[in-house]
Structures are given as structure tokens and as C-alpha cells.
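The structure appears right after this line, and notes come after that.
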Amino acid sequence: MGGVHQQTLVISKNYGEKNLAKNIQAIRGMHDILPEQTPYWQYLEGVMRDVLLSYGYREIRMPLVEMTELFKRSIGEVTDIVEKEMYTFDDRNGDSLTLRPEGTASCVRACMENGLLHNQSQRVWYIGPMFRHERPQKGRYRQFHQIGVEVFGMQGPDIDAELILMSARMLKQLDLSENVVLHINSLGTSEARAAYRKILVEYLAAHGDKLDDDSKRRLESNPLRILDSKNPDMQQLIEDAPKLMDHLDEESRAHFQRVKQYLDNAGIKYVVNQRLVRGLDYYSRTVFEWITDQLGAQGTVLAGGRFDGLVEQLGGKPTPAIGFAMGIERLIALLEDNKLAKSIESTPHVYILPMGNAAELKAMELSESLRNQVNGLRIQLHCGAGSFKSQMKKADKSGARFAMILGEDELNSGTVALKDMQQGEQQHYEQSQLAEHLSAVLGLV
Ligand code: ATP
Ligand code: MG
């Protein structure tokens, strides 16, 4: 008690000072994305936007918080997410709210609520943070980010194939094709799955002594998930289990054949993985994942599938749907490992060093005028005065290509000294000629 009290006193005494920052840290599993990392994020987001646009997908933005019921009803009561991973709290008026653990449920809710599913199809995407209370480790965080894509109102295998082809293109554009393998499977209709479920439970129950605790628990609630178990002791049992593929309904089988035909035709390689069941309840028919072996157990970088029953389950008209989501952190980890990322250039082209009062005024004016004249020019103005030596140090640290020096002589003659930081040469230029000169050497228009 005394300790807590003391600590409170320290905080209140130092309120607004350094100690406070030392005491309060970010929440475990939730990370700051720092300026040195954001170029990777911006690069990835830019690539994704371009690809999505080229397929005619439009962005949608949903709130981060929804009624808890939405996730319970869509993801399923007995899934990992709803059982133990959600950030749920009571609003001040007593409503149970949840920080979204994924985007599909919110997206379906938003599309229904805004009439986007009335006799029309939709291709939409979203980007943003998701929240799951999981054990933090590399590639697994409590706040993480996804780009998600959903299509509504199309039931054929052609759209399944389009989505998979688009995901392949996204990974190719990021230079990650060599790092990932496509796994696909079909879960059939919910009726076919229910029939298979019985057969599976019979088989598993007959081997009850070989089931681990998790699997025993799931035997009643979610037996298909047992197939997804990572427990090495369970692998043989799972290997020998009856296969869902052998119990698919005729239509689902034809649908899956056609998806594979599209992929073959496009030259997309894949593995049919009969153990791919996905963790959420709402999937049916086609499911797929892009998996890497470079991130340990957190190997799935992009995952999705068909969820034909979900809209109806949430109170809408029966509407076929399919989508996928990619984990941005995991993709960025691959980009960083590869060191291939053409990350967005953010270092300044020019660092301006003004020497003295008058030069400071002129430098501010000059930097504004150059930004007006040269599209895409990145200028960093030295603020806070200081000796030539200390300003030059900052220029060096900024990574700028040129240091632009504005001293008394330069002011009087209407020139600047431009030092090429790579080659070390320094030359004078008329201030009026600068825009033209910089455009030419930097290749800007
Ligand atoms: P996993 O099997 O790794 O737990 P999941 O099946 O729970 O994944 P989905 O709900 O399908 O994941 O989410 C799609 C993608 O989002 C995943 O493939 C992964 O790349 C990413 N993802 C999911 N959970 C996390 C997390 N806690 N931290 C970082 N990325 C995540
Ligand atoms: Mg998970």
C-alpha cells in the first residue's frame, strides 16, 4: 500500500516532466512505428493501393470499436478470438463494446447498414489496426495491422480465382514471391461440413486417449479446428483422419475444380492442403493462405476464404461473399529480412545552412520558393542557428545530397554555395538559377 502511495506522489510531483514518460510505457504487444520504419509501411501500402485500384476495388473505412455481439455472432462463440483474444469493455452507458479483432464482421455490418448490398455486388478493401489479446512474440502482437479485401454478391469460382490472383500479384510486386507458398482447400457447404464433422468426431473419439487437452475441449465445440493443431504428438492422428475433401458436396467439388483450373491457367503454383480449416466459423468452400517458412510459427502472411453464410447470419439477405486479410507486420518482417524493399525515399535532397540573422530570413524564403517551383523537392531547413561546424554536422546526419550554405557573402551576391555531400565539391549558384539546377541534377520536374 505504502509503495503504491509513494509512487503516486512521485508521479504527481513530476507531472509533465521526464519521470512521467519513464513510468508510463506503451501497452505490451502494442508498438510504435518509428520514422525509420514508416517508409516500409508507406511503400507496402502504396503497392497495395495500386494493385487494388487496378482490379477495381474501392476503399471502405469502419470504426475501430463495435458492439461485442457483432463479433460473437460472426466469428463464432467457440473460436480462439471470441473465447480469449478480444478486448471487450463496457461503455459508460453499459453497452458491451469490443476493439475489432478483425475487419470482416465490421465490413459486413457497414455494407449492410449502408445499403451497399441491395441487389448489387461490391468489391471493397480496408486497412487499419486490429486488436487481439494474444501472447506477444515475433509476428504476433496485440495491436497489429491488416489490409483486408471483401467481395459481396458473387458466387462463382471466377471471383475466388481473381482474389487469389490479386493476392499473388501483391506479393510479387513486393518481391516476395520466392518467400511464400500458396495453400488452398475447400470446406464445402455448411451441410457437407456438418456431415463430415460427425464422421470426424467419431474417428477422434475412437482415439480419445491420443487427444491433448485442447483437442478434447474442441471435440464438442469445434472439432475441425483439431486438424489445425500444431502439437507434434497429434500429427499422426491428424494425418490418418478422414478427409473433408472426400466428403464434399458435388457443387463444392466442381467449384474447387474450377478455381484450380483458373490458377493452373494463370500459372499460379499451389498446394492443396487438406488441413487448412481457418480459425473462424464463417468460412465455406474455398479457403487459402500464403505461408512463409521464414517467420517461425507465425508463417501465414495472408489468409482468406469464402463466407457465403455470414451476411444472412448477421440479419441480411443471403449474399455470397469472399475475402482475405494480410498481416502487415509479417509482410514487413519479410521485406526487412530480404533487404530488398525499395522503401520510400525520405531523406532530404537539400539541407539549408543559414549563417546569421539576415541569412535565416532569406533561407526560409528561399526554401519556400524552391518548394513552390520544384515538385517533389525535399528541403530541410536548419532551424535554431549554431556554428557552421555544428550545422554541417546536422546536414551530414540528415543524409541530404546537397548542403546549401547561405552566408553573408552569398546574401550580398544573391548566390548560395552548394556542396555535393557525396563528392565533396562545392560551387556557387545564382539564387534565381537554383530551381532549374536542382531539378536537373535531381531528375525532378
Ligand atoms: P494465426 O494462425 O497466425 O493466429 P489467424 O488465423 O488468427 O492467424 P487471421 O484472423 O486469418 O489470422 O488474420 C489474417 C492475417 O492477419 C494472418 O494471416 C496474419 O498475417 C495476421 N495476424 C493475425 N493475428 C495477428 C497478430 N496477433 N499479430 C500480427 N499479425 C496477425
Ligand atoms: Mg490467431
Side-chain angles (χ1 to χ4, degrees), residues 52 55-79 81-82 86 97-98 100-128 130 146-164 166-167 185-194 197 222 224 248-249 251-252 255-256 258-259 277-288 302-326:
L52 286 158
Y55 283 77
Y57 287 69
R58 300 183 302 156
E59 187 182 2
I60 181 168
R61 302 188 184 194
M62 297 86 66
L64 300 192
V65 186
E66 299 275 356
M67 302 297 281
T68 302
E69 194 56 25
L70 175 68
F71 301 115
K72 284 197 177 164
R73 260 166 59 185
S74 55
I75 297 169
E77 295 264 7
V78 293
T79 55
I81 292 182
V82 172
M86 294 206 304
L97 307 185
T98 294
R100 64 181 188 191
E102 54 114 50
T104 303
S106 311
C107 186
V108 170
R109 193 234 0 102
C111 286
M112 278 169 49
E113 192 171 330
N114 293 286
L116 303 190
L117 305 182
H118 277 315
N119 306 319
Q120 53 190 319
S121 56
Q122 292 289 346
R123 287 175 163 98
V124 294
W125 65 276
Y126 51 81
I127 179 171
M130 306 294 161
Q146 286 184 341
I147 294 177
V149 180
E150 320 284 2
V151 178
F152 299 99
M154 300 183 208
Q155 60 183 7
D158 45 0
I159 189 66
D160 302 24
E162 175 183 289
L163 270 186
I164 297 174
M166 183 168 76
S167 66
N185 193 19
S186 176
L187 301 180
T189 58
S190 57
E191 294 79 30
R193 229 170 25 255
R197 186 189 153 119
N222 196 353
L224 262 69
L248 279 193
D249 53 291
E251 251 187 85
S252 294
H255 187 106
F256 192 54
R258 187 71 175 160
V259 172
V277 292
R278 310 285 303 117
L280 290 63
D281 272 4
Y282 51 57
Y283 287 107
S284 56
R285 292 207 167 142
T286 315
V287 290
F288 60 100
L302 186 155
R306 205 163 248 293
F307 48 96
D308 290 338
L310 183 58
V311 174
E312 193 180 9
Q313 201 175 308
L314 289 175
K317 282 202 196 132
T319 306
I322 178 167
F324 67 74
M326 68 189 87

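Quick caveat, the model's predicted, so the values are computed rather than measured.
- Side-chain contact between Leu302 and Phe288 is present, with heavy atoms from C-beta onward closer than 4.5 Å.
- Checked against side-chain contact (heavy atoms from CB on, under 4.5 Å), Gln120 has the following partners two or more places apart in sequence or in another chain: His118, Gln122.
- Considering only residues two or more places apart in sequence or on other chains, Asp160 meets the side-chain hydrogen bond (donor to acceptor under 3.5 Å, both in side chains) condition with His255, Thr286, Arg306.
- When the side-chain hydrogen bond (donor to acceptor under 3.5 Å, both in side chains) test is applied to Glu162, the partners found at least two apart in sequence or on another chain are Tyr57, Arg123.
- Residues in residues 311-324 take part in no side-chain hydrogen bond (donor to acceptor under 3.5 Å, both in side chains) pair, two or more places apart or across chains.
- For Cys111 against Ile60, the heavy-atom pair with the smallest separation is SG-CD1, 4.1 Å.
- Qualifying salt bridge (Lys or Arg N to Asp or Glu O under 4.0 Å) partners for Arg100, counting only residues two or more places apart in sequence or in other chains: none.
- Interatomic distance, OG1 of Thr104 versus CE of Met62, reported as 8.0 Å (0.5 Å rounding).
- Shortest non-hydrogen contact noted between Cys107 and Phe152 is SG-CE1, 4.1 Å.
- You'll find the side chain of Thr98 stays beyond 4.5 Å of the side chain of Glu69, heavy atoms only.
- Scored by the ring pair (Phe, Tyr, Trp, His ring centres under 6.0 Å) test, Phe307 finds Tyr282 as partners (sequence neighbours excluded).
- Evaluation of the salt bridge (Lys or Arg N to Asp or Glu O under 4.0 Å) rule for Glu59 yields Arg61 as partners, not counting sequence neighbours.
- Legend: residues meeting side-chain hydrogen bond (donor to acceptor under 3.5 Å, both in side chains) with Arg197, ordered by chain and number and at least two apart, are absent.
- Note: Met112 CE to Asn114 CG = 11.0 Å, rounded to the nearest 0.5 Å.
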Could you check Trp125 against Arg58 for side chain to side chain contact (heavy atoms under 4.5 Å, CB included), going step by step and ending with a plain yes or no? CA-CA 6 Å; Trp125 65 276; Arg58 300 183 302 156; 5.5 Å; no

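- In this structure, the side chains of Ile159 and Ile322 come closer than 4.5 Å at one or more pairs of heavy atoms.
- Looking at every heavy atom in both residues, Val287 comes nearest to Leu187 through CG1-CD1, 3.6 Å.
- Summarising the geometry, atom NZ belonging to Lys72 is positioned 14.0 Å from atom CD1 belonging to Ile81; distances are rounded to the nearest 0.5 Å.
- Between the side chain of Ser74 and the backbone N or O of Leu70 there is at least one donor-acceptor pair closer than 3.5 Å.
- Looking at residues two or more places apart in sequence or on another chain, you find a side-chain contact (heavy atoms from CB on, under 4.5 Å) between Ala161 and Tyr262.
- Of all heavy-atom pairs spanning Pro101 and Met130, the tightest one is O-CB, 3.6 Å.
- Scanning for salt bridge (Lys or Arg N to Asp or Glu O under 4.0 Å) contacts around Glu251 gives Arg285, with sequence neighbours left out.
- Taking CG from Leu64 and CG from Leu97, the interatomic distance works out to 12.0 Å, rounded to the nearest 0.5 Å.
- Distance check, rounded to the nearest 0.5 Å: CZ of Arg193 to OG of Ser186 gives 9.0 Å.
- The shortest non-hydrogen separation linking Ala192 to Asp249 is CB-OD1, 3.4 Å.
- For Ala325, the side-chain contact (heavy atoms from CB on, under 4.5 Å) partners at least two apart in sequence or on another chain are Gln146.
- Here the closest heavy-atom approach between residue Tyr283 and residue Gly305 is recorded as CE2-N, 3.4 Å.
- Remark: Glu102 engages no residue in a salt bridge (Lys or Arg N to Asp or Glu O under 4.0 Å) (not counting sequence neighbours).
- Looking at Val259 and Pro157, their side chains come closer than 4.5 Å, going by heavy atoms from C-beta outward.
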